[in-house]
Number of protein chains: 2
Amino acid sequence: MVQIENGRTRILDSAAAVLCKRGLAGAKLSDIARMAGMLAPSIYHHFPSKDHLVEEVMMEGIYRNSRHIVTKVEVLGAEAPPLVRLRAAIQAHINFLLTGDNYSSAVARVFDDLPSEMKGRVLAAYSSFDNYWRDLIVAAQAAGGVNRSLDATVVRKFLIAMLDSSPSWYRPGKLGPAQIAEQAADFVLYGFVGREA
Amino acid sequence: MVQIENGRTRILDSAAAVLCKRGLAGAKLSDIARMAGMLAPSIYHHFPSKDHLVEEVMMEGIYRNSRHIVTKVEVLGAEAPPLVRLRAAIQAHINFLLTGDNYSSAVARVFDDLPSEMKGRVLAAYSSFDNYWRDLIVAAQAAGGVNRSLDATVVRKFLIAMLDSSPSWYRPGKLGPAQIAEQAADFVLYGFVGREA
DNA sequence: GTCTATAATCAGATAGAC
DNA sequence: GTCTATCTGATTATAGAC
């Protein structure tokens, strides 16, 4: 039996979609409501304010993205080579963003614009995800076979910024999400020059 | 004789600073005016609207960034190996962003949020800069010694997103702009694995 | 749970004095 | 060229009917 999504969920879905399309300031409650099949004041029956709604989208986006990536990595097992696990994480991240998870794309799009108090809470929720990436990178460095002169934090920041940019420029075309994901992994691991110099 | 900057220039400088700190919607005319030592309505003596002011910051940012990078690359000469030229461009871009050019950082920060008509004009102005990067990448691919399976457009998008993210997370610390710039170049060219695998 | 008003707020923009 | 005072418009949010 198909469970029809309730009003609250429809609002969250709409908010995620509008946030990643228009940004934080551009996401008007009237747009979110219309996409959810209602009018703006109805939102207040489900959420106390726009900020609360946005924050819930952020938290959900972090949770979904994190769960997706961890699942794809951990299926490989802890004994899998660190670079194989890192590659899986990169591909999972791109695939998730480009295959239409509006929640995770919304986080990538509006995080920088969040009001500072909310940003603090969202960042705290983000930290375990961030640590997961850090661990993947540090494990690879510890295992050897990588460029140890690169700073793990710098690598992580560059890597995530790069991956998170993909929804802003990706358009369905000759390269699909899976191909972009593979290119991302090759680029991150071996660079523009590649394995055979 | 020192030329004191005039009101118009002070406003542009303030706007660039506030835009990269607060984003487009967060950049209030009253904040911009205050930093320029005046009150909000005074801005209208110099600019017809906030949009016109923002657009001028964007155009100036693109011009400055582009001029800086082209200068640093062309000093090497057209005969310099393409990878050397690409490395110089990467380092110049990071150095320029992190050494405090608010105009170029403002472009990186607010471009996605610009109203669509303005975005079109800014994108047109950006295209010659974008083409310059594309040419650097394509020249390197044509010269050989790089991973040809990577799509030039995908590489360019990832590369610029990565570099443009740096102002959002960089804080003066153990690694300075020059070190980050070098790490960026190594990472882009040889990847996380690096030259000696 | 959604609607029709309507209030409250805030930021961009204008008028006109100085 | 900058100010004070004010207007306008857009958007969040509330009140209360259905």
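Hydrogens, waters and symmetry mates play no part in the numbers below; they use all other heavy atoms, side chains included. Treat the numbers as computed from the prediction; the structure is a model and nothing was measured. Order of the sequence lines sets the chain letters (A, B, ...), proteins ahead of strands, with each chain counted from 1.
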Parallel, tilted or perpendicular: rings of His93(A) and Trp133(A) (30°, 60°):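 Because their plane-to-plane angle is over 60°, the rings of Trp133(A) and His93(A) count as perpendicular.
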Between Tyr126(B) and Phe129(B), ring centroids under 6.0 Å: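 Between Tyr126(B) and Phe129(B), the centre distance is under 6.0 Å.
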Length of the CG-P vector between Leu53(A) and dA13(D), whole Å: 10 Å
Whole angstrom value for the distance that separates C1' of dT12(D) from CZ of Phe47(A): 16 Å
Under 4.0 Å protein heavy-atom contact, by nucleotide of nucleotides 5-18 of chain C - B base, S sugar-phosphate only: B-----SSBB----
Test log, rule salt bridge (Lys or Arg N to Asp or Glu O under 4.0 Å), inputs Lys21(B) and Asp31(B): CA-CA 11 Å; Lys21(B) 189 166 172 93; Asp31(B) 295 336; over 6 Å; no
Those residues of residues 13-21 of chain A lying under 4.0 Å from DNA chain C by at least one heavy atom: none
OP1 or OP2 of dC3(C) under 4.0 Å from side-chain N/O of His45(A):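 So the side-chain polar atoms of His45(A) never come under 4.0 Å of the phosphate oxygens OP1 or OP2 of dC3(C).
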Of His46(B), Glu56(B), His45(B), the residue whose pairing with Arg8(B) passes side chain to side chain donor-acceptor pair (under 3.5 Å):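 So the option named by the test is Glu56(B).
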Flag side-chain contact, heavy atom, 4.5 Å: Ile94(A) against Tyr170(A):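 Answer no - side chains too far apart.
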ILVMFWY clustering at 4.5 Å (side-chain atoms), partners of Val84(B):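 Listed partners: Val75(B), Leu76(B).
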Other ILVMFWY residues reachable from Leu97(A) by side-chain steps of under 4.5 Å: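 Its cluster partners, ordered by chain and number, are none at all.
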Partner residues of Asp112(B) under the side-chain hydrogen bond (donor to acceptor under 3.5 Å, both in side chains) criterion, sequence neighbours left out: none
End axis versus end axis in the helix from dG1(C)-dC18(D) to dC18(C)-dG1(D), the angle rounded to 10°, five pairs used at each terminus: 0°
